[in-house]
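Below: one structure, written as structure tokens.
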2 protein chains.
Amino acid sequence: MAAVPNPPESPRRAPTIKDVAERAGLGFKTVSRVLNDEPNVRPETRDRVLAAVAELGYRRNSIASSIRRSDQRTSSIGLIVEDLANPFASSLTRVVQDYARERGHLVLVGSSDGDPGQEAELVGEFGTRRVDGMILVPNGPDQSYLEEERRRGTAVVFVDRPGRGIEADTVVSENAAGVAEAVRHLALAGHTRIAYLGDFESIYTSAERLQGFRDAMAAFGGADPRHIRTGLHDPEQAHRAAAELFALDPAPTALIAGNNLITVGAVHALQDLGIRDRTAFVAFDDLELADLLRPALTVVAQDTAALGEAAARHLFERLADPAAPYRRTRVPVRFEVRSSGAIPAPGH
Amino acid sequence: MAAVPNPPESPRRAPTIKDVAERAGLGFKTVSRVLNDEPNVRPETRDRVLAAVAELGYRRNSIASSIRRSDQRTSSIGLIVEDLANPFASSLTRVVQDYARERGHLVLVGSSDGDPGQEAELVGEFGTRRVDGMILVPNGPDQSYLEEERRRGTAVVFVDRPGRGIEADTVVSENAAGVAEAVRHLALAGHTRIAYLGDFESIYTSAERLQGFRDAMAAFGGADPRHIRTGLHDPEQAHRAAAELFALDPAPTALIAGNNLITVGAVHALQDLGIRDRTAFVAFDDLELADLLRPALTVVAQDTAALGEAAARHLFERLADPAAPYRRTRVPVRFEVRSSGAIPAPGH
DNA sequence: TTGTATGCGTTATCAC
DNA sequence: GTGATAACGCATACAA
């Protein structure tokens, strides 16, 4: 930590359109016209205004502008994810931000950590700032409180899972289909004792993925109930659950992990047990180095780009037409075959 | 994509303090007093106000509030990173967001993609929305344009690398020391032919890391210039450069990758060449599954949490005291020994 | 083509 | 304690 001598300049009052008007020797309404590209301004006058703007370093105060304009729009939207540091969330955020910016909007972000209280607080803060709309990954049993925001004209879109107690535009992944494909892939390699590790069943995505697993397993004689473990919310819990699975007799010969945190714990467990090379494995969610693991990880990859773009699109379409019927979009997943899923069942 | 019947409710005008005042049978200034916890309000009156607030579902319009308040503060800050989807950036964002939120501030985010033009545009958008301050990972040869923002009272903090053409609070990693430690670690395993893959030398962090490499190598007889490759800006370029390195005679026996994108390309190259198990490797930047690779990746991990928190702290301290001397904070890196760095030199 | 009066929802000032 | 009035920076309506 080093201190630099520094001379801070006196913080000046920012110039307003009145300052610009005075400088240009015009009425401030004329300045406003130029700034908003309204017609009926002589090119010459326009130039004078722009010159004054440049000289004073004027920058519009869009905060003041939005308070007065008829639509009350702020050109900003809010995005609430569980954890911004999670690759799923950050990649979603990036896409939403790009989409918004192309339309002149900025994005306010917040992490709820899966806590309904945090979520509601963030919604409140966003509302206070009068965002034009919000996209959220909802948490908890009830999002009906969002009706109030909506009455004020705020657009609401759910992504990753639907909100509860409220109807709204929603974008989700094809969770069940993705897991079903994983099951079929493993069955093709001769596996029948396929285990599943999932998060809390109260979470929409977890429930859908588990359902996909159960339904797909039914075609192959059904899943062994002891081979299904849910309620795993971090890598450590997944690690323990996986270790317990492989202590069973008969032990599973293949494993499906329900999300990326579970994957991390599960692979660690297989590593500890020294059975990474002979246990078939498919992970839901792609991971940055998945193809560099040995065996390379076969994954059900969510299309976060499509998810984010669809959510953003829904939001802006809702802003354009508040009366349109609500829509639910399901985004296909991509089954990425690498090698871990092709490890054959013993004796197959 | 499914359409839901839906009946949208008519968007109502949001209630204002005047509505609340009328409802409570009071002057609106009294309402304002209650909302701002100002003294001189009878508890009884206060209750009447709060009741009316609840009944009407009133929510303060902080946009209107900030336009009028004397300090002009909006309780929002801006954050500009290169790519929000990058783990380094997203983890930084998360920390900044948490720090800001604890202080009642919201965070506007933007990705510059390393383009100075995008960066300046985002700064402009943030300025227009009158953010209280901005934290940025600067790009390009000149950030002096930020002086203008600062004159308006906006706090400016650089993170990851210093801005150019302007003095400001800055937080950077101990880049050179981190690479030097990697070199010493590899030298201890008997390596002398250590290669280095880096990004453009025009990037501050790249230059610092390369310098750290050169200086540390000097203690071991110096680096072979052919074993240093820079200007690698994505995994593909790093992949090719690594392949070329190991086609040399004599080929390096150890490799240091200058950032996470380069690491991905380099490990792929080692994989293709079938020399992952016998080439010592140290990566700058940690990766999610680094410990599950085989060999597990030895890394120089940046402390993104400390980086983000220091940046946020600088920002809020600057807001509290605009006249304080500028500070530059250097955040130590963590050398994470796993196995890839301990692979011995041939015949050692 | 340009300018004036008014109002947005809030905070600041000052009188009651 | 409470409330009227002005003001913030801008957009809207309308007059000139």
Between A:H105 and A:F316, does the ring centre distance come in under 6.0 Å? yes

How bent is the helix from C:dT1-D:dA16 to C:dC16-D:dG1, measuring the angle between the end axes built from five pairs each, rounded to 10°? 40°

Donor-acceptor check, side chain of B:T45 to backbone of B:V41, threshold 3.5 angstrom: yes or no? no

Of the residues in residues 19-30 of chain A, which ones touch DNA chain D at a heavy-atom distance under 4.0 Å? A:F28, A:K29

Span of DNA chain C in contact with chain A (heavy atoms, under 4.0 Å): C:dT1 to C:dG9

Hey, is the main chain of B:R327 close enough, under 3.5 Å, to the side chain of B:D169 for a donor-acceptor pair? yes

With B:R69, which residues qualify under salt bridge (Lys or Arg N to Asp or Glu O under 4.0 Å), at least two apart? B:D71

What residues 40-48 of chain A contributes to the DNA chain D interface at heavy-atom separation below 4.0 Å is none

So if I take residues 51-59 of chain B and measure heavy-atom distances to DNA chain C, which residues fall below 4.0 Å? B:Y58

Please identify each residue that fulfils salt bridge (Lys or Arg N to Asp or Glu O under 4.0 Å) with A:R46, with sequence neighbours left out. A:D37

Residue B:Q118 excluded, over 12 heavy atoms near CD under 6.0 Å: yes

State whether the side chain of A:D19 and the backbone N or O of A:T16 hold a donor-acceptor pair below 3.5 Å, judged by distance alone. yes

Starting at the 5' end of DNA chain D, which residue's closest nucleotide do you reach first, A:R33 or A:N61? A:N61

First and last nucleotide of DNA chain D touching chain A, 5' to 3', heavy-atom cut-off 4.0 Å? D:dG9 to D:dA13

A:E38 and A:K29 ion-paired at < 4.0 Å: yes

Test A:V96 against every option in A:V159, A:I77, A:L315 by the side chain to side chain contact (heavy atoms under 4.5 Å, CB included) rule and name the one that passes. A:I77

Which pairs count as side chain to side chain donor-acceptor pair (under 3.5 Å) when at least one residue sits in residues 49-64 of chain B, sequence neighbours excluded? A:E149-B:R59, B:R23-B:E55, B:N36-B:R60

Once side-chain hydrogen bond (donor to acceptor under 3.5 Å, both in side chains) is applied, do any residues pair with B:S65, and if so which ones, sequence neighbours excluded? none

Under the salt bridge (Lys or Arg N to Asp or Glu O under 4.0 Å) test, which residues partner A:E82, sequence neighbours left out? A:R161

Would B:D113 and B:S111 count as having a side-chain donor-acceptor pair, cut-off 3.5 Å? no

May I ask you to decide if B:F126's main-chain N or O and B:T128's side chain share a donor-acceptor pair within less than 3.5 Å? no

Check the side chains of B:S76 and B:D132 for a donor-acceptor pair under 3.5 angstrom, ignoring hydrogens and angles. no

Distance-only, no hydrogens or angles: does the B:E119 side chain make a donor-acceptor pair with backbone N or O of B:S112 under 3.5 Å? no

Thinking salt bridges, do A:E125 and A:R129 make one under a 4.0 Å N-O criterion? yes

Tell me if a side-chain donor or acceptor on B:R103 pairs with a main-chain N or O of B:Y99 at a distance below 3.5 Å. yes

Drop me the distance from B:Q143's CD to B:E167's CD, to the nearest 0.5 angstrom. 12.5 Å

Output the residues of residues 63-77 of chain A in contact with DNA chain D, where contact means a heavy atom of the residue under 4.0 Å from an atom of the strand; sort by number or write none. A:A64, A:S65, A:I67, A:R68, A:R69, A:S70

Would you confirm whether B:T74, through its side chain, and B:R130, through its main-chain N or O, come within 3.5 Å as a donor-acceptor pair? yes

